[in-house]
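Right, one structure below, let's go through it.
All figures in this text were calculated on a predicted structure; none of them were measured in a lab.
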Amino acid sequence: QVQLVESGGGLVQPGGSLRLSCAASGNIFSIYNMGWYRQAPGKQRELVAAVTVTSGGGTNYADSVKGRFTISFDNAKNTVYLQMNSLKPEDTAIYYCNANMMVFLRRRDDYWGQGIQVTVSS
């Protein structure tokens with residue numbers, strides 16, 4: 001069994017900060033990429049940020065969050081973080097953790113967390 005457990009969401013005022021965490025556990029052989037997606041009501045799920053765990057740790061951000069959000073990965077904990085600063089009401093969404101990884105006795109595949117609510121409102 002593989003699990004992606006998210007934490008750190010909640011309600012914050014505009015201009016505030018939140019830090020999301022996502023810990024991967026289970027029979028993991030190798031993690032290739034991890035990232036955060038979000039889905040607002042009535043909208044499609046979109047990529048927020050991603051980090052390449054192998055090959056140098058490159059990062060990728062949606063234009064709407066560049067300069068405000070920072071993604072990082074802790075190898076020892078198999079945990080990805082999303083530091084969100086200068087939050088705006090339009091950042092309100094359910095945030096989903098994604099991991100592209102190989103699990104023992106299975107092929108490389110995408111795995112998803114259950115989602116965590118982030119609400120930016122005064």
- Could you give the distance from CE (Met102) to CZ (Phe29), rounded to the nearest 0.5 Å? 7.0 Å

- Note on the structure: Note: Ser121 and Pro14 closest approach over all heavy atoms is C-CD, 3.6 Å

- Of all heavy-atom pairs linking Phe73 and Val51, the shortest is CB-CG1, 4.2 Å

- Message: Applying side-chain hydrogen bond (donor to acceptor under 3.5 Å, both in side chains) as the test, list every pair that has at least one member in residues 7-28; sequence neighbours left out.
- Response: Ser17-Asn85

- Message: So for atom CD, which belongs to Gln39, do other residues, nucleotides or ligands contribute more than 12 heavy atoms lying within a distance under 6.0 Å?
- Response: yes

- Message: Strictly by side-chain hydrogen bond (donor to acceptor under 3.5 Å, both in side chains), give each pair with a member in residues 62-72 just once, sequence neighbours left out.
- Response: Arg38-Ser64, Asp63-Lys66, Arg68-Asp91

- Asn78 CG to Ile28 CD1 distance, which is reported to the nearest 0.5 Å: 5.0 Å

- Query: Parallel, tilted or perpendicular: which fits the ring planes of Tyr95 and Phe69, with parallel below 30° and perpendicular above 60°?
  - Reply: tilted

- Message: On a heavy-atom basis, which atom in Leu4 and which in Ala24 lie closest, and how many Å separate them?
- Response: CD2-CB, 3.4 Å

- Message: Can you give me the closest heavy-atom contact between Val53 and Asn75, atom names plus distance?
- Response: CG1-OD1, 4.3 Å

- Query: Near Arg106 CZ, under 6.0 Å, is it more than 12 heavy atoms from other residues, nucleotides or ligands?
  - Reply: no

- Common cluster, Met101/Tyr81, ILVMFWY with side-chain heavy-atom separation under 4.5 Å: no

- Message: Could you check whether any side-chain heavy atom of Leu11 comes within less than 4.5 Å of a side-chain heavy atom of Gln117, counting everything from C-beta outward?
- Response: no

- Message: Within the structure provided, determine whether Val103 and Asp109 are in side-chain contact (heavy-atom separation under 4.5 Å).
- Response: no

- Query: Are the side chains of Met84 and Val12 in touch, meaning some heavy atoms are under 4.5 Å apart?
  - Reply: no

- Task: Please indicate whether Glu90 has more than 12 foreign heavy atoms, meaning atoms of other residues, nucleotides or ligands, lying under 6.0 Å from its CD.
- Result: yes

- Message: Is any side-chain heavy atom of Cys97 closer than 4.5 Å to one of Trp112?
- Response: no

- Query: Which heavy atom of Cys22 sits nearest a heavy atom of Met34, and at what distance?
  - Reply: SG-CE, 4.1 Å

- Note on the structure: Here the gap from Glu6 atom CD to Ile94 atom CD1, rounded to the nearest 0.5 Å, amounts to 10.0 Å

- Task: Identify whether Trp36 and Val65 are in the same connected component of the hydrophobic contact network (ILVMFWY, side-chain heavy atoms under 4.5 Å).
- Result: yes

- Student check: side-chain heavy atoms of Tyr61 and Leu47 closer than 4.5 Å: no

- Message: Checking the side chain of Thr92 only, and the main-chain atoms of Val120 only, is there a donor and an acceptor separated by less than 3.5 Å?
- Response: yes

- Message: Taking ring-ring contact (aromatic ring centres under 6.0 Å, His included) as the definition, give me every residue that meets it alongside Tyr32, ordered by chain and number, with sequence neighbours left out.
- Response: none

- Query: Are Leu20 and Val118 side-chain neighbours, meaning at least one heavy-atom pair lies under 4.5 Å?
  - Reply: yes

